[in-house]
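Let me begin by presenting the structure, written as structure tokens, before commenting on it.
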Amino acid sequence: MNIQQMMKQAQQMQEQMQRQMAEMRIEASAGGGMVTVVINGLKQLQSLKLDPEVVNKDDVEMLQDLILAAINDASRKADDAMSQQVGGMMGGMKIPGLS
């Protein structure tokens with residue numbers, strides 16, 4: 001296999017992985033489920049659900065903290081999913097920055 005074929009194959013693998021990550025849905029919640037977010041594998045926010053009981057105009061900071069916690073948890077889960085996808089595609093090869 002020449003270098004051009006290898007580059008083309010690597011590009012196809014990258015495109016396939018990006019499609020899979022875009023289709024993936026990752027859910028995370030905070031505050032015992034009072035705030036729930038769904039992101040895709042590309043870390044794009046797909047939905048945000050708030051329990052009406054968590055909405056209080058006198059405690060906006062708590063709601064902001066819960067939203068951030070849920071988004072950060074979902075982002076971490078997306079990173080884990082991506083690591084697993086890459087690890088599966090690379091057949092267990094150790095690549096710095098991807099494990």
**Asked** So does Arg76 pair up with Asp73, basic N to acidic O under 4.0 Å?
**Response** yes
Look at atom [atom1] of [X] and say whether more than 12 heavy atoms of other residues, nucleotides or ligands are closer to it than 6.0 Å.
{"X": "Gln44", "atom1": "CD", "result": "yes"}
{"X": "Gln9", "atom1": "CD", "result": "no"}
{"X": "Gln12", "atom1": "CD", "result": "yes"}
{"X": "Gln5", "atom1": "CD", "result": "yes"}

Kindly compute the distance separating [atom1] ([X]) from [atom2] ([Y]), expressed to the nearest 0.5 Å.
{"X": "Lys8", "Y": "Ile3", "atom1": "NZ", "atom2": "CD1", "value": "14.5 Å"}
{"X": "Lys43", "Y": "Ile71", "atom1": "NZ", "atom2": "CD1", "value": "12.5 Å"}
{"X": "Gln18", "Y": "Leu42", "atom1": "CD", "atom2": "CG", "value": "7.0 Å"}
{"X": "Asp51", "Y": "Ser29", "atom1": "CG", "atom2": "OG", "value": "11.5 Å"}
{"X": "Asp65", "Y": "Asp59", "atom1": "CG", "atom2": "CG", "value": "8.5 Å"}

If you take all heavy atoms of [X] and [Y], which pair is closest and at what distance?
{"X": "Met24", "Y": "Ala81", "result": "SD-CB, 3.5 Å"}
{"X": "Ala78", "Y": "Gly41", "result": "CB-O, 4.3 Å"}
{"X": "Ala28", "Y": "Ala74", "result": "CB-N, 3.5 Å"}
{"X": "Ala69", "Y": "Ala30", "result": "CB-CB, 4.0 Å"}

**Request:** Determine, using the 4.5 Å side-chain heavy-atom cutoff (strictly less than), whether Ile39 and Met82 are members of one ILVMFWY cluster.
**Result:**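 Yes; Met82 is reachable from Ile39 via cluster members.
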**Request:** Decide whether Leu48 and Val38 are clustered together by the hydrophobic rule: side chain heavy atoms of Ile, Leu, Val, Met, Phe, Trp, Tyr closer than 4.5 Å, transitively.
**Result:**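 No, because Leu48 and Val38 fall into different hydrophobic clusters, even though each may have its own neighbours under 4.5 Å.
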**Message:** In the structure I gave you, are the side-chain heavy atoms of Leu63 and Asn56 within less than 4.5 Å of one another anywhere?
**Reply:** no
**Request:** Report yes if some heavy atom in the side chain of Gln16 is under 4.5 Å from a heavy atom in the side chain of Gln20; otherwise report no.
**Result:** yes
**Item:** side-chain contact (heavy atoms from CB on, under 4.5 Å), paired with Val37, selected from Ile26, Asn72, Leu45, Leu66
**Value:**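 Testing each of Ile26, Asn72, Leu45, Leu66 against Val37, the sole residue satisfying side-chain contact (heavy atoms from CB on, under 4.5 Å) is Leu45.
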**Item:** Flag, side chain of Glu27 to backbone of Arg25, donor-acceptor distance under 3.5 Å
**Value:**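 Between the backbone of Arg25 and the side chain of Glu27 there is no qualifying donor-acceptor contact (under 3.5 Å).
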**Message:** Walk me through whether Asn40 and Glu23 qualify under side-chain contact (heavy atoms from CB on, under 4.5 Å).
**Reply:** CA-CA 7 Å; Asn40 65 15; Glu23 293 171 2; over 6 Å; no
**Under 4.5 Å side-chain linkage, directly or through intermediates, the cluster mates of Leu68** = none
